[in-house]
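Within every chain, numbering begins at 1; the chains are lettered A, B, ... in the order of the sequence lines, protein sequences first and strands thereafter.
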There are 2 protein chains.
Amino acid sequence: MKNYNIPRSMEWIGGIDGHLRLLDQTLLPIETTYIDCKEIGSVHEAIRSLRVRGAPAIGITAALGILVGLKKIPPGTTLNSHYETIDNYLRTSRPTAVNLFWALDRMKRKFLEVKNHDDHHGILSILLKEALSIEKEDREMCQNIGRIGSTLVQEGFGILTHCNTGGLATAAYGTALSVIFTAFEQRKSIHVYCDETRPLLQGARLTSWELLQAGIPSTLICDSMAAQVMKEGKINMVVVGADRIAANGDTANKIGTYGLSVLAHAHNIPFYVAAPSSTFDLTLKDGSEIPIEQRSHIEITAPFGKQVAPDGVTVYNPAFDVAPARLITGIITEKALITPVNEKNILDSI
Amino acid sequence: MKNYNIPRSMEWIGGIDGHLRLLDQTLLPIETTYIDCKEIGSVHEAIRSLRVRGAPAIGITAALGILVGLKKIPPGTTLNSHYETIDNYLRTSRPTAVNLFWALDRMKRKFLEVKNHDDHHGILSILLKEALSIEKEDREMCQNIGRIGSTLVQEGFGILTHCNTGGLATAAYGTALSVIFTAFEQRKSIHVYCDETRPLLQGARLTSWELLQAGIPSTLICDSMAAQVMKEGKINMVVVGADRIAANGDTANKIGTYGLSVLAHAHNIPFYVAAPSSTFDLTLKDGSEIPIEQRSHIEITAPFGKQVAPDGVTVYNPAFDVAPARLITGIITEKALITPVNEKNILDSI
């Protein structure tokens, strides 16, 4: 069935003596280069230098990084103290990444559970299984989002997406892009329109690269062109990811998402959000309680090192905006399609 | 009254022995450098190398360029044949610019009218007066757009604009920016939000520079942020320029304009177009008859020489889109405010 290439941000090669292969995302979209991590130092460097990025991908990489670290135990060191050393070391690679700590905590619990009941080989086998479980669970969650979301995609659909929500940030498939990958896997004829997503151009740099890798027909546009392609009748659905979803369904996502939700509504185009259930923050009543991070003016005045705006210009650079629940046709999670989007349906589905 | 600096793209310095001073727009917004053109070669180079750009500005520059050229008549050459030489030479500077030919034709008519009835000094005086008239008429037209449009601007208004419609492309003031300059001249407290305007970033490079020069409070945003600033209640009106307006009022303008018209409507924000009457093309029944130019994919995949999208990506890059008359609150010309926008009101006003 699978006749195309879903890009993978990381992969464990071999058995307990194997190694971790990472896609170097800093070289995208110009070069597709993989790094074979056989020493823990290179895993640490890859996380620190953003060669691997996206919360789930960082967690999986750190979990597999433990296996890389356990391959060589320095003479005169116990397994116990060496585990402690590499665990602490990996935690310094990206100290703000919540998923890094979550994955390392989970690996450590497993290690403490088995370290006195098995031999070295047995312990490594169990830990590799645990790390691969973290990867598998993430992949399955993404695939479930794709399975549920792809039921909304009809033959011949034009689909607009924004920012990067693909496999690069996860084990594979991603969230909104998983809907697209899965529909394509089902041999539906589709065409994807991909917003470049200023200021950081994740759409141009990452999403269009993932779509090309998978062989999915796609067209890159500037964010300001989305309305025009909608008007031309090229778009049958919009699907985006989410950073945070409030109890009523208001969804914070990459800047530009709110405008797309308004434009989709004006053109009678269904607008979907695809995200894991963990994205819901039920402590937030609605979107007005979601704080909007402001980012550096440099992203706008000097994109990629080239100054394009005059010195002294004032800039507004919100990282996110909030699409209101009333403009969202449905929210696709790994468990269900939530539609219409309201507090009751959300509570029933997550 | 005038207590601020409206940027001028060109200025004649001195009398008939004077010279032409041009703002080098290719160095904006990083450097503000003026070129003193005392030889016709430098006028030709400035037009050819886009140091001066915008249809009206090119016409005025060429007209004043005739004066630069007439200052030195090579020995053994008649005024008549020298005029012919410099006129032909300037016509090669940008052979696709309609305004270049229009302005040079007008100067030549005046020359043919007076060349046998006056002495050399008198002929130069009359030609300089003619060139300065072309400049003055353009400036007055822009000022009239500003005078009429500024009546729509209330104290404390936030105004969103797109692309560059300022003094740089004209003698001064521009079209949509003239509304803003004039409101500021009237000491209204305003704040301008300026779309960067991908792909060529005319908003970031030129409009934000003009606003800074004039000392008008402004904020530069990415195109995808316009919806968010509207939602935050920061925008009281949108004003944009026009490339071509059909008989029913449908308006072609820089890509992104259509989306803004939809977003403004959804937020109950008035949406105005500011353009000279000459922008109307009454041979076009409506916007569907306006052809949309497609531009190079490089503008999106490698902005300013830096590749940001993968090799082989497909790109859609329309230069313009069309805001429909039903979403345009009014069209501001040098003669009238046309509102509501319909065929009858347009015919009555132009």
Side-chain angles (χ1 to χ4, degrees), chain A residues 28-30 162 193-199 201 204-205 208-209 211-213 217-231 254-263 265-267 292 297 299-301 303-318 321-322, chain B residues 28-30 162 193-199 201 204-205 208-209 211-213 217-231 254-263 265-267 292 297 299-301 303-318 321-322:
Chain A
L28 293 180
I30 315 300
H162 190 69
Y193 287 82
C194 170
D195 277 353
E196 65 173 5
T197 318
R198 276 282 283 152
L201 300 175
R205 294 188 294 114
S208 67
W209 179 85
L211 292 166
L212 269 180
Q213 294 296 309
S218 68
T219 300
L220 176 64
I221 58 172
C222 295
D223 305 323
S224 61
M225 296 166 189
Q228 178 62 18
V229 295
M230 288 182 184
K231 186 188 189 184
K254 185 62 60 202
I255 186 70
T257 300
Y258 166 64
L260 282 183
S261 73
V262 174
L263 292 171
H265 184 76
H267 292 86
I292 304 289
H297 69 95
E299 293 177 358
I300 297 182
T301 58
F304 304 95
K306 167 86 183 176
Q307 186 178 347
V308 296
D311 289 328
V313 73
T314 300
V315 162
Y316 181 57
N317 186 12
D321 55 24
V322 177
Chain B
L28 293 180
I30 316 299
H162 191 68
Y193 287 82
C194 170
D195 277 352
E196 65 174 4
T197 319
R198 277 284 283 152
L201 299 176
R205 292 187 295 114
S208 66
W209 179 86
L211 292 166
L212 269 179
Q213 294 295 309
S218 68
T219 301
L220 176 65
I221 58 173
C222 294
D223 305 323
S224 61
M225 296 167 190
Q228 177 63 17
V229 295
M230 288 181 183
K231 187 187 189 184
K254 184 63 60 200
I255 185 71
T257 300
Y258 167 63
L260 282 183
S261 73
V262 175
L263 292 171
H265 185 76
H267 292 86
I292 304 289
H297 69 96
E299 293 177 357
I300 297 180
T301 58
F304 304 97
K306 167 88 184 174
Q307 186 178 347
V308 295
D311 288 329
V313 72
T314 300
V315 162
Y316 181 56
N317 186 13
D321 56 23
V322 177

Which portion of Ile255(B) sits near chain A, non-hydrogen atoms under 4.5 angstrom: both

Nearest heavy atoms of Asp311(A) and Leu212(B), plus distance in Å: O-CD1, 3.4 Å

Ser224(A) vs Glu196(B) side-chain heavy atoms within contact, under 4.5 Å: no

Side-chain heavy atoms of Ile300(A) within contact of Cys222(B), under 4.5 Å: yes

Option in Leu211(B), Thr219(B), Asp223(B) with maximal non-hydrogen atom pairs under 4.5 Å from chain A: Thr219(B)

Option in Val262(B), Asp321(B), Val308(B) with maximal non-hydrogen atom pairs under 4.5 Å from chain A: Val308(B)

Contact class of Ile221(B) relative to chain A, heavy atoms under 4.5 angstrom: both

Considering all heavy atoms, the nearest Ala309(A)-Ile30(B) contact: O-CD1, 4.5 Å

Per-residue contact mode, Ser208(B) against chain A (heavy atom under 4.5 angstrom): both

Pairs of heavy atoms under 4.5 Å with chain B: top-ranked of Ser218(A), Gly305(A), Pro303(A), Cys194(A): Ser218(A)

Contact winner vs chain B - Leu263(A), Ile292(A), Leu201(A), heavy-atom pairs under 4.5 Å: Leu263(A)

Heavy-atom contact with chain A under 4.5 Å, split by part of His267(B): side chain

Which of Pro29(B), Ser261(B), Ala226(B), Gly312(B) touches chain A most, by non-hydrogen pairs under 4.5 Å: Pro29(B)

Contact class of Gln307(B) relative to chain A, heavy atoms under 4.5 angstrom: both

4.5 Å side-chain heavy-atom contact, Met225(B) and Asn317(A): yes

Backbone of Val322(A) reached by a side-chain donor or acceptor of Lys231(B) within 3.5 Å: yes

Option that, when pairs with chain A are counted at under 4.5 Å, heavy atom only, ranks first among Arg205(B), Gln228(B), Lys306(B), His162(B): Gln228(B)

Ala227(B) versus Gly259(A), closest heavy-atom pair with distance: CB-CA, 3.4 Å

Top of Gly256(B), Pro310(B), Pro199(B) for chain A proximity - count of heavy-atom pairs under 4.5 angstrom: Pro310(B)

